[in-house]
Amino acid sequence: MSARQEQQPNPDPVDEDGVFKALASPTRRRLLDLLKDHARTTGDLCDRFPQLDRCTVMQHLRVLEAAGLVIAQRKGRERWNHLDPLPIKHIHDRWIGEYASAAVGMLATLRTELEGGTPDRTAGGTAR
């Protein structure tokens, strides 16, 4: 078998680096917040950023689109932007969920120890 045939297709099509890059900008996070409840036209989004020119807003939208966080759809002369939350869910499941569950487990253990009267180990092993 050749190396090409041995390679498995990537089951995870999310570009994590692209998503993290897109989420790194406060402006792009604000754009996503505006798209959270419903789709908006590019003109509407530009109106909500009076400090930025239209070209700059479009550049931010292109980064979000390249990361798969925004889906743009043309309807007549308007460009409608829709949030695609799946890449964010992927990041949560891959990175945040694992670490959060470990932290929750530690908090549950701490609670059990505190409620059960287990000696405090932070003060040299003596109970207070």
Side-chain angles (χ1 to χ4, degrees):
M1 251 190 187
S2 72
R4 180 177 288 195
Q5 290 172 335
E6 290 176 15
Q7 289 178 347
Q8 301 273 328
N10 185 1
D12 179 21
V14 173
D15 173 18
E16 291 179 356
D17 290 339
V19 173
F20 279 115
K21 175 186 171 191
L23 294 174
S25 164
T27 301
R28 290 192 284 269
R29 290 192 306 269
R30 280 189 54 211
L31 283 165
L32 292 175
D33 285 340
L34 290 169
L35 295 172
K36 190 172 13 178
D37 295 326
H38 61 304
R40 296 180 184 272
T41 65
T42 300
D44 180 35
L45 292 171
C46 290
D47 290 345
R48 293 174 184 272
F49 291 87
Q51 73 280 15
L52 302 176
D53 60 35
R54 184 179 182 87
C55 190
T56 303
V57 173
M58 289 293 295
Q59 287 175 340
H60 283 294
L61 286 170
R62 278 194 287 275
V63 172
L64 291 169
E65 215 175 333
L69 294 165
V70 169
I71 299 169
Q73 180 183 34
R74 279 237 175 251
K75 289 185 181 176
R77 296 183 61 190
E78 294 179 320
R79 182 178 189 260
W80 285 85
N81 301 282
H82 304 264
L83 172 67
D84 182 356
L86 292 179
I88 295 172
K89 182 184 180 325
H90 170 82
I91 293 295
H92 176 272
D93 293 348
R94 166 65 178 90
W95 293 97
I96 300 165
E98 283 185 36
Y99 296 106
S101 65
V104 168
M106 287 187 289
L107 288 173
T109 301
L110 177 63
R111 179 180 178 181
T112 302
E113 288 179 2
L114 291 174
E115 289 176 348
T118 302
D120 181 8
R121 294 184 194 136
T122 60
T126 60
R128 291 187 179 172

Just verifying a value: how many Å separate [X] [atom1] and [Y] [atom2], rounded to the nearest 0.5 Å?
X: Ser25; Y: Leu31; atom1: OG; atom2: CG; value: 8.0 Å
X: Phe49; Y: Arg30; atom1: CZ; atom2: CZ; value: 4.0 Å
X: Asp15; Y: Asp17; atom1: CG; atom2: CG; value: 6.0 Å

Same apolar cluster (I L V M F W Y, side chains within < 4.5 Å links), [X]/[Y]:
X: Val70; Y: Leu34; answer: yes
X: Phe20; Y: Leu69; answer: yes
X: Met58; Y: Leu83; answer: yes
X: Leu35; Y: Leu23; answer: yes
X: Val63; Y: Val57; answer: no

State, with a plain yes or no, whether a side-chain heavy atom of [X] is found less than 4.5 Å away from one of [Y].
X: Arg79; Y: Gln73; result: no
X: Leu114; Y: Leu110; result: yes
X: Ile71; Y: Glu65; result: no
X: Arg74; Y: Trp80; result: no
X: Arg54; Y: Thr42; result: yes
X: Arg29; Y: Pro26; result: yes

Legend entry - Pair listing, side-chain hydrogen bond (donor to acceptor under 3.5 Å, both in side chains) test, anchored in residues 31-40, at least two apart: Arg40-Asp44
Of all heavy-atom pairs between [X] and [Y], which one has the smallest distance, and what is that distance?
X: Asp47; Y: Pro50; value: O-CD, 3.8 Å
X: Cys55; Y: Arg62; value: O-NH2, 4.5 Å
X: Leu64; Y: Ala22; value: CD2-CB, 3.9 Å

Legend entry - Donor-acceptor contact below 3.5 Å, side chain Thr109 vs main chain Gly105: yes
Legend entry - Side-chain (Arg28) to main-chain (His60) donor-acceptor, under 3.5 angstrom: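 No, Arg28 side chain to His60 backbone: no donor-acceptor pair under 3.5 Å.
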Inset, instruction - Before giving the answer on salt bridge (charged side-chain N to carboxylate O under 4.0 Å, His left out), spell out for Lys89 and Asp93 the whole-Å C-alpha distance, their side-chain angles and the decisive distance to 0.1 Å. - result: CA-CA 6 Å; Lys89 182 184 180 325; Asp93 293 348; 2.5 Å; yes
Legend entry - Under-4.0 Å salt bridge between Glu115 and Arg111: yes
